[in-house]
Amino acid sequence: MASEVFLYVPNIIGYIRILLLLIGWWCFNCPPIFVPCYVISIILDGLDGYAARRLNQISEFGAWLDVVIDNLGRGMLWSALFEVRVKLSRMRRILPQICTNKMC
């Protein structure tokens with residue numbers, strides 16, 4: 001594989017997606033940052049496929065990179081949903097205790 005493949009436009013878009021996912025992961029508990037990073041990454045996923053076909057810059061590395069980034073983003077989203085679920089289950093256990101006090 002020639003080194004020029006690493007600088008194909010779709011692969012550069014993929015590198016930007018990795019950066020967005022890392023920023024989103026870093027700001028995991030801050031939805032105003034997490035959500036836009038994830039949404040932009042999804043939009044760029046469609047754009048890199050379009051650019052690869054349009055510019056005839058299709059490569060095995062690009063296909064592999066796209067799958068890895070998709071799995072990374074999907075794993076990050078599942079982790080976020082699991083964390084929300086854990087927080088909700090804690091609230092469900094604590095809320096009845098709070099509301100059964102005489103102050104409610």
Side-chain angles (χ1 to χ4, degrees):
M1 170 174 23
S3 62
E4 65 188 25
V5 170
F6 298 119
L7 297 178
Y8 280 179
V9 171
N11 295 340
I12 292 172
I13 294 172
Y15 306 146
I16 294 169
R17 288 181 61 208
I18 291 172
L19 182 65
L20 286 170
L21 289 175
L22 291 176
I23 291 169
W25 187 263
W26 185 266
C27 301
F28 196 62
N29 294 319
C30 183
I33 296 174
F34 173 77
V35 173
C37 285
Y38 192 78
V39 169
I40 292 170
S41 176
I42 292 171
I43 292 168
L44 289 177
D45 184 26
L47 185 64
D48 76 348
Y50 175 77
R53 290 184 296 277
R54 184 78 174 166
L55 300 172
N56 197 23
Q57 294 183 342
I58 299 169
S59 66
E60 288 182 27
F61 173 73
W64 174 84
L65 182 67
D66 191 49
V67 170
V68 168
I69 296 169
D70 289 345
N71 289 336
L72 179 69
R74 192 176 307 116
M76 185 177 67
L77 186 61
W78 278 111
S79 296
L81 293 175
F82 179 76
E83 186 174 315
V84 168
R85 181 185 165 275
V86 168
K87 287 180 183 178
L88 288 176
S89 70
R90 286 182 191 152
M91 291 283 290
R92 200 173 350 151
R93 280 185 270 146
I94 294 171
L95 196 58
Q97 294 171 354
I98 293 172
C99 290
T100 55
N101 289 338
K102 293 186 180 194
M103 290 187 292
C104 289

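Excluded from the calculations below are hydrogen atoms, water molecules and symmetry mates; all remaining heavy atoms, backbone and side chain alike, are included.
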N/O donor-acceptor pair under 3.5 Å between Gln57 side chain and Ala51 backbone: no
Decide yes or no for [X] and [Y]: does some side-chain heavy atom of the first lie under 4.5 Å from some side-chain heavy atom of the second?
X	Y	answer
Asp45	Ile69	no
Ser3	Phe6	yes
Pro10	Ile58	no
Tyr38	Leu21	yes

Are [Y] and [X] connected in a single hydrophobic cluster, I mean Ile/Leu/Val/Met/Phe/Trp/Tyr linked by side-chain heavy atoms less than 4.5 Å apart?
X	Y	result
Val35	Leu72	yes
Met76	Ile43	yes
Val5	Tyr15	yes
Leu77	Ile33	no
Leu20	Leu47	yes

What distance do [X] atom [atom1] and [Y] atom [atom2] have between them, rounded to the nearest 0.5 Å?
X	Y	atom1	atom2	value
Ile13	Leu65	CD1	CG	11.0 Å
Leu55	Tyr50	CG	OH	8.5 Å
Leu19	Ile40	CG	CD1	11.0 Å
Ile18	Asn11	CD1	CG	9.5 Å
Asp70	Ile42	CG	CD1	9.5 Å

Which pair of heavy atoms, one from [X] and one from [Y], lies closest together, and at what distance?
X	Y	answer
Ser41	Arg17	O-NE, 3.2 Å
Leu7	Ile12	O-CD1, 3.5 Å
Cys27	Phe34	O-CB, 3.6 Å
Ser59	Gly62	OG-N, 2.9 Å

Trp64 vs Val67, side-chain contact (heavy atoms from CB on, under 4.5 Å): CA-CA, chis, key distance, verdict: CA-CA 5 Å; Trp64 174 84; Val67 170; 6.0 Å; no
Geometric class of the Trp25/Phe28 ring pair [parallel <30°, tilted 30-60°, perpendicular >60°]: tilted
